[in-house]
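Scroll down for the structure; my scribbles are underneath it.
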Amino acid sequence: MFRTFLSLRYLRARKTNWIGMAGIFVAVAALVMILSIMGGFLQVMRDTLRGNLADLQITPGELKSIVLDGKEVDAERDVEGLVEIVENHPLVEAATPQLGWYGLLMPDFLERAYERPLADQIKLVQIVGIDPETEVAATEFRESLEREYSKKPGGRIDCTVKRPSNLDDPFALPPDDGRRRRRDERPPDPILVGEQIAYIWGLYKGQTVTLFSATFTDKGKIAETAATRRFQVVGSFRTADNEMDSSRVYLLRGDAADFLQRDAPNDWTSVVVKLKDYDRDKETVREELRSELHQARYLRAPDSRSEPIQTWEDFRRQLLRAIQNEKMLMAIMLSLVLVVACFTIFALLSMMVTEKRRDIGIMAALGANSRGILAVFLLIGLWEAIVGSTLGALAGIYGAIKIDPFERWLSSTFGFQIFDRDIYLFDHIPSDVTPLGVGLIVGGAIFFTLLFAAIPAWRASRLDPVEALRHE
């Protein structure tokens, strides 16, 4: 009992002990808040990219033939058959074909835009031809049409063109604007543009844009004449991934095939797949689909060096690894703050042991053994660690949860944007507070505090009582 009483009395009596407690508080709060934000960056990145890229993407390529059972046979290109095989797998929820390519997009109202292509007058975009009826089951296409508009600090809407009027038929053209066209003039096809493209150019529904793209001849060579066509904007979408919202446009797959001068109106480049449980089944489904689709003559042999079936993580591997490495490096650097705080506690306890030598001698003379004296000074470090780390954890959790509204308030109050949402792949400051992560930080703070406090506590327990009583 005397151990607890003396440790609390020494802790209250010496105000300098609060310095060590404050150091623990700052270190734990910084670790919890920063690592929660970095974890949020990683989680939002994973969630965003997972929805847009689907769980799996099957890209066979332009195969003419494959080797099956030692014989060369013609490759299959029937996309309906491929989708049927994939959807019959018990662990697959949905699948749909896409036709993907790249092109240059230019709004029709910008004259001589080619003179300033790097000033957002012309954009390189990813053209994705889809079947809306099946796309909504395999990806987050429907969610991107329903998602709220992003906002700048101050409440300004970060978009101009509205969402499609009919979400069940997002490519429906608006009523005819009454403009007279030449008899041989083709009416524009519908196009859905990313929210950031609409914001940059100030697009509105019904406006026309021009799309350019390279095409290929039957022999696989680039055609001398590029494909050029005007499209009518029927709405925008928001994936919450600023990079994708500023570089992707959606067309109907038939319109995309016709625009790219593909031979078959049902042409495709990939099939995207949604699994029932991605984390659990991704590798199992990939291995089994490799084998099944090879036997059905859609893919090369499973041991081929090229990987025709990729997860969304494969497409973003470098980016996800970079964020994970940044989180680890940040944890290491912030841990140095905790080490400094623990060293402060070590110095304060060492000074206390020197000052309290006479008290230590009295405790020994009254019957306290070396373990009791050791426990007194260890408990001082323990109280500092518990109080500092607990308050620091609470402050860090609160700061991580409120960081986005706090940043928006600061930006609107002082008139400058602290977190530029045009740079990052998402439009808010995310955070992911995990109980396990917070527990590890608090436990680590207590452990290292006791480790540093053990040295002066051990010195106190080894003092000679007679010499300690003579100390003035």
Side-chain angles (χ1 to χ4, degrees), residues 1-35 328-366 368-396 399 437-472:
M1 187 66 183
F2 79 94
R3 302 176 184 88
T4 303
F5 172 77
L6 285 178
S7 62
L8 290 174
R9 184 176 182 279
Y10 286 154
L11 183 64
R12 292 193 303 268
R14 286 179 54 90
K15 302 302 182 183
T16 53
N17 289 327
W18 296 93
I19 298 176
M21 192 181 300
I24 298 295
F25 169 83
V26 172
V28 171
L31 274 169
V32 170
M33 185 170 67
I34 299 300
L35 293 184
M328 187 165 295
L329 290 173
M330 190 69 69
I332 294 173
M333 289 186 291
L334 289 175
S335 297
L336 296 178
V337 180
L338 181 60
V339 172
V340 172
C342 293
F343 185 79
T344 302
I345 292 176
F346 164 78
L348 292 173
L349 284 179
S350 296
M351 293 174 57
M352 181 182 292
V353 169
T354 301
E355 294 176 1
K356 300 296 182 182
R357 291 185 66 181
R358 187 174 182 84
D359 291 0
I360 294 171
I362 293 173
M363 284 190 288
L366 293 175
N369 56 24
S370 59
R371 285 186 298 177
I373 297 172
L374 175 71
V376 169
F377 291 93
L378 275 180
L379 282 173
I380 296 173
L382 179 63
W383 302 137
E384 292 184 347
I386 291 176
V387 175
S389 59
T390 301
L391 294 178
L394 294 175
V438 174
L440 289 175
I441 292 173
V442 172
I446 294 174
F447 172 78
F448 283 106
T449 301
L450 291 177
L451 187 64
F452 276 76
I455 299 175
W458 179 81
R459 283 181 51 218
S461 68
R462 302 296 295 176
L463 285 177
D464 184 359
V466 176
E467 294 294 331
L469 287 172
R470 290 179 180 176
H471 180 72
E472 295 294 336

Report the residues that fulfil side chain to side chain contact (heavy atoms under 4.5 Å, CB included) with Val438, sequence neighbours left out, ordered by chain and then residue number.
Val32, Ala393, Ile397, Val433, Val442

Quick one: list whatever passes ring pair (Phe, Tyr, Trp, His ring centres under 6.0 Å) with Phe448, sequence neighbours left out.
none

Value rounded to 0.5 Å, distance of OG in Ser389 from CD1 in Ile441
11.0 Å

Value rounded to 0.5 Å, distance of CG in Leu450 from CD1 in Ile380:
12.0 Å

Side chain to side chain contact (heavy atoms under 4.5 Å, CB included) involving Ala453 - partner list, sequence neighbours excluded:
Leu349, Leu378

Can I get a per-line list of side-chain donor-acceptor pairs under 3.5 Å for residues 21-30, giving both atom names and the distance, sequence neighbours left out?
none

Could you list the residues that satisfy side chain to side chain contact (heavy atoms under 4.5 Å, CB included) with Ile34, not counting sequence neighbours?
Met38, Met330, Leu334

Separation between CD of Glu384 and OG1 of Thr344, rounded to the nearest 0.5 Å:
10.0 Å

Could I get the full list of ring pair (Phe, Tyr, Trp, His ring centres under 6.0 Å) partners for Phe447, not counting sequence neighbours?
none

Give, for atom CZ of Phe346 and atom OG1 of Thr449, the distance between the pair rounded to the nearest 0.5 Å.
13.5 Å

Taking it one step at a time, do Cys342 and Leu451 satisfy side-chain contact (heavy atoms from CB on, under 4.5 Å)?
CA-CA 9 Å; Cys342 293; Leu451 187 64; over 6 Å; no

Nearest heavy-atom neighbours spanning Leu35 and Ala331:
CD2-CB, 3.7 Å

Kindly write out the residues that satisfy side chain to side chain contact (heavy atoms under 4.5 Å, CB included) with Val339, not counting sequence neighbours, or none if the list is empty.
Phe452

Between Leu379 and Leu382, does the side-chain contact (heavy atoms from CB on, under 4.5 Å) criterion hold? Intermediate values first, please.
CA-CA 5 Å; Leu379 282 173; Leu382 179 63; 3.9 Å; yes

